[in-house]
Amino acid sequence: MTLDNASIQQAAELLWQVHTSGQPCAPVRNLIGATDIDAAYAVQQRNTERWLAQGRRLVGRKIGLTSKAVQTQLGVGQPDFGMLFADMAVADGEAIDIARIVQPKIEAEIALIIDRPLTHAKHTVADIINATAYAVPALEIVGSRIANWDIRLTDTIADNASSGLFVLGSRPVKLADFDITGCGMLMERRGDQVSIGAGAACLGNPLHAAVWLADTMARVGNPLQPGDIIMTGALGPMVVATAGDVFEAQIEGLGRVTASFSV
């Protein structure tokens, strides 16, 4: 497939400008089409290269579209991925300026920290288990540079999988010490339940999502490396975040993680 470089560059620039202005833009599918995955990732890569050139440090990947319901909504049969940069990391409980995120929402996830390269063309669950140093509970604060979250598949891929910030829990847990598929998740906003789920909500098993990501990153020539963080995908519905909100997620066997938004 021949990519339209002019449209890709225009879409990348449109999203880039939102980081400066804070004002959401029109859907980029108007430029690159609603189904051209290659074009969408080309847009994402343009802005990734621009960020790296400005000194941002890549520390991992996030997996999106791991819910079958969301996949059906967007008309796709597989997840997508985005880049995690070091300056997207927020300490557990640290006050977050909500203005850092455009149209913020939050979801609870399991994060894996890798300590071996994942370079095979085709990985197994055992490969992921052997390569994982530990897991931690995590909160992903997603955001969309697209106005009113009016997104289709190519919009979210181009927009770095609608990434924003992420919060990792502080207590590492070995995979052998908790049930990654059976663990329950409860997320509360100031003590009120706002989202529930389980490990199995993420593609049936978060390790399946990690296998998909490892295969995909190897195929595109950028395999996962020791120290990389994998945000494996949501365990329950995402929730809109506003100034003053305090969210706490508890994942059975992993513990708690908190995100606090300053007023």
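One is the number of the first residue; the rest follow in order along the sequence.
- In this structure, the side chain of N160 engages the main chain of M83 through a donor-acceptor pair within 3.5 Å.
- For S260 (side chain) and E94 (main-chain N/O), no donor-acceptor pair under 3.5 Å exists by modelled atom type.
- No single ILVMFWY cluster, assembled from side-chain heavy atoms under 4.5 Å apart, contains both V240 and V90.
- Screening R56, R57, R100 against D87 for a salt bridge (Lys or Arg N to Asp or Glu O under 4.0 Å) leaves a single residue, R56.
- Between R29 and D150 a salt bridge is recorded (basic side-chain N to carboxylate O distance below 4.0 Å).
- Side-chain contact between V167 and T258: absent, with no pair of heavy atoms (C-beta onward) separated by less than 4.5 Å.
- Rounding to the nearest 0.5 angstrom, the gap separating the CD1 atom in I128 from the NE2 atom in H208 is 10.5 Å.
- We find the CG-CG distance between L165 and D97 to be 9.5 Å, quoted to the nearest 0.5 Å.
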Go through C25 and I146 one step at a time and tell me if the side chain to side chain contact (heavy atoms under 4.5 Å, CB included) criterion holds. CA-CA 5 Å; C25 64; I146 307 300; 4.0 Å; yes
Starting from the C-alpha separation in whole Å, work towards a yes-or-no answer on side chain to side chain contact (heavy atoms under 4.5 Å, CB included) for V142 and W149. CA-CA 11 Å; V142 295; W149 276 91; 3.9 Å; yes
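- Inter-residue side-chain proximity for I113 and P172 is flagged as unmet; no heavy-atom pair is nearer than 4.5 Å.
- To the nearest 0.5 Å, atoms CG (L84) and OG (S163) are separated by 7.5 Å.
- Ion pairing between D245 and R190 fails under the 4.0 Å rule for side-chain N and carboxylate O.
- Expressed to the nearest 0.5 Å, how far CZ of F85 lies from CG of L58 amounts to 5.5 Å.
- Put simply, the side chain of T181 never gets that close to the backbone of N205: no donor and acceptor are under 3.5 Å apart.
- N222 places no side-chain N or O within donor-acceptor distance of the main-chain N or O of M217, the cut-off being under 3.5 Å.
- Smallest separation of non-hydrogen atoms from L186 and I196: CD1-CG2, 3.6 Å.
- Dense packing is recorded around CZ of F178, with more than 12 heavy atoms of other residues, nucleotides or ligands lying under 6.0 Å away.
- When side chains are defined from C-beta on, E49 counts as touching Q45, because their heavy atoms get closer than 4.5 Å.
- Contact check on R256 versus E188 returns no salt bridge, with no Lys/Arg side-chain nitrogen under 4.0 Å from an Asp/Glu carboxylate oxygen.
- Although no hydrogens or angles enter the test, the distance criterion places no donor-acceptor pair under 3.5 Å between the side chain of E107 and the main chain of M238.
- The minimum heavy-atom distance between A135 and L112, with the atom names listed, is CB-CD2, 3.9 Å.
- Minimum heavy-atom separation, M185 to L235: CE-C, 3.8 Å.
- Between W51 and W16, the ring planes lie tilted relative to each other; the angle falls in the 30° to 60° range.
- Clustering ILVMFWY residues whenever any of their side-chain heavy atoms sit less than 4.5 angstrom apart, transitively, puts L254 in the very cluster that holds I230.
- Between T132 and I114, some side-chain heavy-atom pair lies under the 4.5 Å cut-off.
- For the atom pair L207 CG and H123 NE2, the distance stands at 13.5 Å (nearest 0.5 Å).
- G244 and V263 make their closest contact through CA-CG2, 3.8 Å (heavy atoms, listed as atom of the first residue, atom of the second, distance).
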Set out, in order, the CA-CA distance, both residues' side-chain angles and the distance that settles side chain to side chain contact (heavy atoms under 4.5 Å, CB included) for I157 and T154, then state yes or no. CA-CA 5 Å; I157 290 175; T154 52; 5.8 Å; no
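- Side-chain contact between K122 and D215: present, with at least one pair of heavy atoms (C-beta onward) separated by less than 4.5 Å.
- One hydrophobic cluster, built from ILVMFWY side chains closer than 4.5 Å, holds both W212 and I37.
- At least one donor-acceptor pair closer than 3.5 Å links the side chain of K174 to the backbone N or O of A133.
- Although no hydrogens or angles enter the test, the distance criterion places a donor-acceptor pair under 3.5 Å between the side chain of T232 and the main chain of I110.
- Distance CD/E109 to SG/C202: 7.5 Å, rounded to 0.5 Å.
- Cluster annotation: I229 and L175 are assigned to the same hydrophobic cluster (Ile/Leu/Val/Met/Phe/Trp/Tyr, side-chain heavy-atom contacts under 4.5 Å, transitive).
- Between F247 and V239, the closest heavy-atom pair is CE2-CG1, 4.0 Å.
- Put simply, the side chain of I141 reaches to within 4.5 Å of the side chain of F261, judged on heavy atoms.
- Side-chain N/O atoms of S162 and S144 include no donor and acceptor closer than 3.5 Å.
- Placement of I129 and I251 within a single hydrophobic cluster is found when ILVMFWY residues are connected by side-chain heavy-atom separations under 4.5 Å, directly or transitively.
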Checking D36 against D38 for the side chain to side chain contact (heavy atoms under 4.5 Å, CB included) test, could you report, in this order, the C-alpha distance in whole Å, the side-chain angles of both residues, the deciding distance, and whether it holds? CA-CA 6 Å; D36 192 338; D38 290 341; 3.7 Å; yes
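- Between the N47 side chain and the A12 main chain, a donor and an acceptor come within less than 3.5 Å of each other.
- Geometric assessment of R61 against the ring of F81 yields a negative cation-pi assignment under the 6.0 Å and 45° thresholds.
- The closest side-chain heavy-atom distance from M231 to L168 is below 4.5 Å.
- The heavy-atom pair separating D159 from R145 by the smallest distance is OD1-NE, 2.6 Å.
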